[in-house]
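What follows is a single structure, written as structure tokens, with notes after it.
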Amino acid sequence: MSEQHEASAPIARRLRVHGRVQGVYFRQSTVQAAHALGVAGWVRNRHDGTVEALAVGAPDAVQALIDWAHRGPAASRVERVLVCEEALPEPLPQAFAQEATA
């Protein structure tokens with residue numbers, strides 16, 4: 001396998017976004033950002049007031065979504081974003097969707 005191909009192999013990261021991130025269009029904005037970046041996965045509110053997301057895609061695209069999550073939409077106030085490595089889900093998601101609160 002070439003180094004270039006290894007660098008573009010998909011990765012998965014789970015994000016937990018803390019702050020004023022519910023009720024401020026955060027989930028829908030995340031869906032839009034993920035679509036623009038070519039990232040698959042999902043986003044959902046958590047009962048504890050955070051927003052959780054799973055981002056799957058090329059490393060640079062996933063990192064760009066993580067960087068975006070640190071800012072969020074204009075009405076949000078992101079305090080911190082926790083990022084964890086995840087095993088690639090099987091099957092790989094083909095799109096990015098908003099899921100029900102968990």
Side-chain angles (χ1 to χ4, degrees):
M1 187 181 287
S2 73
E3 285 182 4
Q4 183 177 11
H5 183 70
E6 288 176 358
S8 63
I11 63 169
R13 297 293 183 267
R14 186 175 300 264
L15 290 67
R16 185 65 77 86
V17 186
H18 296 255
R20 184 171 177 252
V21 293
Q22 290 191 11
V24 293
Y25 203 60
F26 201 99
R27 289 175 298 159
Q28 186 58 37
S29 294
T30 303
V31 170
Q32 292 171 349
H35 285 168
L37 293 165
V39 173
W42 49 261
V43 62
R44 65 185 175 197
N45 282 342
R46 299 289 301 197
H47 290 297
D48 65 2
T50 62
V51 168
E52 181 181 35
L54 178 68
V56 179
D60 59 341
V62 170
Q63 185 59 53
L65 186 63
I66 292 168
D67 293 345
W68 177 88
H70 279 87
R71 296 183 308 274
S76 69
R77 190 184 76 246
V78 176
E79 293 173 2
R80 69 184 186 279
V81 179
L82 304 177
V83 180
C84 299
E85 284 188 36
E86 283 281 314
L88 288 171
E90 292 291 333
L92 286 175
Q94 299 302 306
F96 199 92
Q98 186 171 312
E99 293 193 346
T101 299

Item checked: Donor-acceptor pair, side chain of Gln94 and main chain of Leu92, under 3.5 angstrom -> yes
Check: Is Gln28 reaching over with its side chain to a backbone N or O of Gln98, donor-acceptor style, under 3.5 angstrom?
Finding: no
In terms of hydrophobic clustering (I, L, V, M, F, W, Y; side-chain heavy atoms under 4.5 Å; direct or indirect links), are [X] and [Y] co-clustered?
| X | Y | result |
| --- | --- | --- |
| Val62 | Val78 | yes |
| Leu15 | Trp42 | no |
| Leu37 | Val43 | yes |
| Val31 | Val51 | yes |
| Phe96 | Tyr25 | no |

Would you name the heavy atoms of [X] and [Y] that are closest together and state the gap between them?
| X | Y | value |
| --- | --- | --- |
| Pro10 | Leu88 | O-CD1, 3.7 Å |
| Pro73 | Phe26 | CD-CD1, 3.3 Å |
| Ala69 | Val17 | O-CG1, 4.2 Å |
| Ile11 | Pro59 | CD1-CA, 3.7 Å |
| Leu54 | Ala12 | CD1-CB, 4.4 Å |
| Ala75 | Val24 | O-CG1, 3.6 Å |

Going from [atom1] on [X] to [atom2] on [Y], what distance comes out if it is rounded to the nearest 0.5 angstrom?
| X | Y | atom1 | atom2 | answer |
| --- | --- | --- | --- | --- |
| Asn45 | Glu99 | CG | CD | 11.5 Å |
| His70 | Arg80 | NE2 | CZ | 11.0 Å |
| Asp48 | His18 | CG | NE2 | 7.0 Å |

Note to self: side-chain contact (heavy atoms from CB on, under 4.5 Å) for Glu85 and Arg13? Distances and angles first, verdict last.
What the structure shows: CA-CA 5 Å; Glu85 284 188 36; Arg13 297 293 183 267; 3.5 Å; yes
